[in-house]
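Here is the structure we will look at, set down as structure tokens.
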Amino acid sequence: MEHLIGRFEEIGFSKNEAKTYMALLKEPGMNGYEISKKSGVPRSMVYAVIDKLVAKGAIIELRTETPTYIPLSVKELIANRRRKAENTLDFLERELQSVEKPAMVNVIKHIEERSQIIGAMKKLILNANKEIWLSAWEEELEELRSSAEIQCEKGINMYSLLFTHQETASFGKAFYHRPDTSSIEKQRMGQRLTIVIQDHQEVLISGFIDGQTPQAIQTTDPMLVILAKEYIRHDMMMKVVTEKWGSDELDSLWRGNELITYIVHNIK
């Protein structure tokens, strides 16, 4: 019986109300004195409990010489409570939505497996409406080529940093890491770090390591988006400087400087 009383409390009945209603289910037509005896509700409290149940529509008062009471059928009681709960919830949904301010939650989605990552990269590229920023390696370029070509043909601006020795017009305005600088990047990071940014709104950052399952994150977090874009921009500018000054001239900047050598090559 106690487990039933607990359930009654979940739908807004007190313990004494639950006891009174269940007593009347077993013996309909009792008066207040009889209800008190059968339910265990103190006589000093039973009439207040009865009044509350009548007000809730859970029991009905019969106008006999001494008032007696019968319970609403279980089916009707449950239907009424369900209808009332639904009406209340519908009302709250309407009213609360009018004052609700959506919380800014930037979820970071984790992706594994090459096919899943490549698929997500293609989707980001194809869903761009203004511009795409891409940093990708030769091993992944062929799988991304058709998506990039579609967007470039539509006039979507694409800025690419490509780790390949083959120049290609498929990836918009492209800058290239030749084999010598590509090897430095790969050695320093221990992976082929690949990035796709869609409209300055969403970024996918993935790492491809030979012989291992690739991992990626995808998010609309604005700080990660801008951080990834600044990484690509910085790398592009380094390519421009390298081509202007020459790699030997740049090497001389850190040759013999342990700190700069560590920053560039990740080797102490």
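Scope of the values below: all heavy atoms of this structure, side chains included, with no hydrogens, waters or symmetry mates. Numbers for residues simply follow the sequence, beginning at 1.
By the 4.5 Å heavy-atom criterion applied to side chains, Glu140 and Ile118 are counted as neighbours. Counting heavy atoms from C-beta outward, Leu144 and Leu134 have side chains that approach closer than 4.5 Å. Looking at heavy atoms from C-beta onward, Val196 lies in side-chain contact with Ile125 at the 4.5 angstrom threshold. Inter-residue side-chain proximity for Lys154 and Gln151 is flagged as met; some heavy-atom pair is nearer than 4.5 Å. Between Tyr231 and Leu193, the closest side-chain pair of non-hydrogen atoms falls below 4.5 Å. Two residues are said to be in side-chain contact when any heavy atoms from C-beta on lie closer than 4.5 Å; Val74 and Leu25 meet this criterion. Ile197 has its side chain within reach of Val225: a pair of non-hydrogen atoms, C-beta onward, lies under 4.5 Å apart. Lys130 has its side chain out of reach of Asn157: every pair of non-hydrogen atoms, C-beta onward, lies at least 4.5 Å apart.
What you find for Ile156 and Asn129 is that their closest heavy atoms are CD1-O, 3.3 Å. In this structure, Ala120 and Leu204 approach most closely via the heavy-atom pair CB-CD1, 3.5 Å. For the residue pair Arg192 and Asp210, the shortest heavy atom distance occurs at NH1-OD1, 2.8 Å. For Phe13 against Glu17, the heavy-atom pair with the smallest separation is CA-OE1, 3.3 Å. Summarising the geometry of Phe171 relative to Met158, their closest heavy-atom pair is O-CG, 3.7 Å, with the distance given to 0.1 Å. The two residues Leu141 and Ala136 come nearest to each other via the heavy atoms CD2-CB, 3.8 Å.
A donor-acceptor pair under 3.5 Å is absent between the side-chain atoms of Gln116 and the main chain of Ile111, judged by distance alone. With Tyr159 contributing its side chain and Met236 its backbone, the two residues share no donor-acceptor pair below 3.5 Å. No donor-acceptor pair closer than 3.5 Å links the side chain of Gln215 to the backbone N or O of Ser206. Lys56 contributes no side-chain N or O that, together with a main-chain N or O of Asp51, makes up a donor-acceptor pair within less than 3.5 Å. Checked by atom type and distance alone, the side chain of Asn31 never pairs as donor or acceptor with a backbone atom of Pro67 at under 3.5 Å. Checking side-chain atoms of Glu100 against main-chain N and O of Gln97 turns up no donor-acceptor pair under 3.5 Å. A side-chain donor-acceptor contact under 3.5 Å links Ser36 to the backbone of Val41. Between the side chain of Ser39 and the backbone N or O of Thr20, no donor-acceptor pair lies under 3.5 Å.
Heavy atoms of other residues, nucleotides or ligands lying less than 6.0 angstrom from CZ of Arg43 number 12 at most. More than 12 non-hydrogen atoms from other residues, nucleotides or ligands lie less than 6.0 angstrom from CG of Leu62.
Put simply, CD1 on Ile117 and CD1 on Ile205 are 12.0 Å apart, with the number rounded to the nearest 0.5 Å. Taken from CD in Gln201 to CG in Leu124, the straight-line distance is 10.5 Å, to the nearest 0.5 Å. Ile150 contributes atom CD1, which lies 10.5 Å from atom SG of Cys152 (distance to the nearest 0.5 angstrom). Rounding to the nearest 0.5 Å places CG of Leu161 at 10.0 Å from CH2 of Trp133. Distance check, rounded to the nearest 0.5 Å: CE of Met121 to CD1 of Ile195 gives 9.5 Å.
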Apply side chain to side chain contact (heavy atoms under 4.5 Å, CB included) to Met30 and Thr68, showing your working.
CA-CA 5 Å; Met30 291 191 291; Thr68 55; over 6 Å; no
Salt bridge (Lys or Arg N to Asp or Glu O under 4.0 Å) between Lys37 and Glu34, worked out
CA-CA 5 Å; Lys37 284 185 62 177; Glu34 293 168 329; over 6 Å; no
Chi angles and distances behind the side chain to side chain contact (heavy atoms under 4.5 Å, CB included) call for Ile60, Tyr69
CA-CA 6 Å; Ile60 300 167; Tyr69 304 89; over 6 Å; no
Run the side-chain hydrogen bond (donor to acceptor under 3.5 Å, both in side chains) test on Asn106 and Thr219 for me, step by step, so that the C-alpha distance in whole Å, both residues' side-chain angles and the decisive distance to 0.1 Å come before the verdict.
CA-CA 7 Å; Asn106 298 297; Thr219 183; 5.7 Å; no
In sequence, state the C-alpha distance, the side-chain angles, and the governing distance for Ile5 and Met22, and then conclude on side chain to side chain contact (heavy atoms under 4.5 Å, CB included).
CA-CA 9 Å; Ile5 291 174; Met22 287 190 288; 3.6 Å; yes
Can Thr194 and Phe208 be said to form a side chain to side chain contact (heavy atoms under 4.5 Å, CB included), step by step?
CA-CA 8 Å; Thr194 304; Phe208 294 92; 3.7 Å; yes
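Relative orientation of the Phe163 and Trp137 rings is parallel, given thresholds of 30° and 60° on the angle between their planes.
Contact check on Arg114 versus Glu143 returns a salt bridge, with a Lys/Arg side-chain nitrogen under 4.0 Å from an Asp/Glu carboxylate oxygen. Under the 4.0 Å criterion applied to side-chain N and carboxylate O atoms, Arg7 and Glu10 are assigned as salt-bridge partners.
For residues 71-95, the set of pairs meeting the salt bridge (charged side-chain N to carboxylate O under 4.0 Å, His left out) definition, not counting sequence neighbours, is empty.
Of the candidates Gln198, Glu202, Lys109, Lys123, Glu202 is the only one forming a side-chain hydrogen bond (donor to acceptor under 3.5 Å, both in side chains) with Gln218.
Cluster membership check: Met45 shares its hydrophobic cluster with Ile35, using side-chain heavy-atom separations under 4.5 Å among Ile, Leu, Val, Met, Phe, Trp and Tyr. Both Val54 and Leu77 belong to a single network of hydrophobic side chains, linked directly or stepwise wherever heavy atoms of I, L, V, M, F, W or Y lie under 4.5 Å apart. Taken together through direct or relayed side-chain contacts under 4.5 Å among Ile, Leu, Val, Met, Phe, Trp and Tyr, Leu24 and Ile78 form part of one hydrophobic cluster.
Remark: Lys15 fails to qualify as a cation-pi partner of Phe8 under the 6.0 Å distance and 45° angle criteria applied to the six-membered ring.
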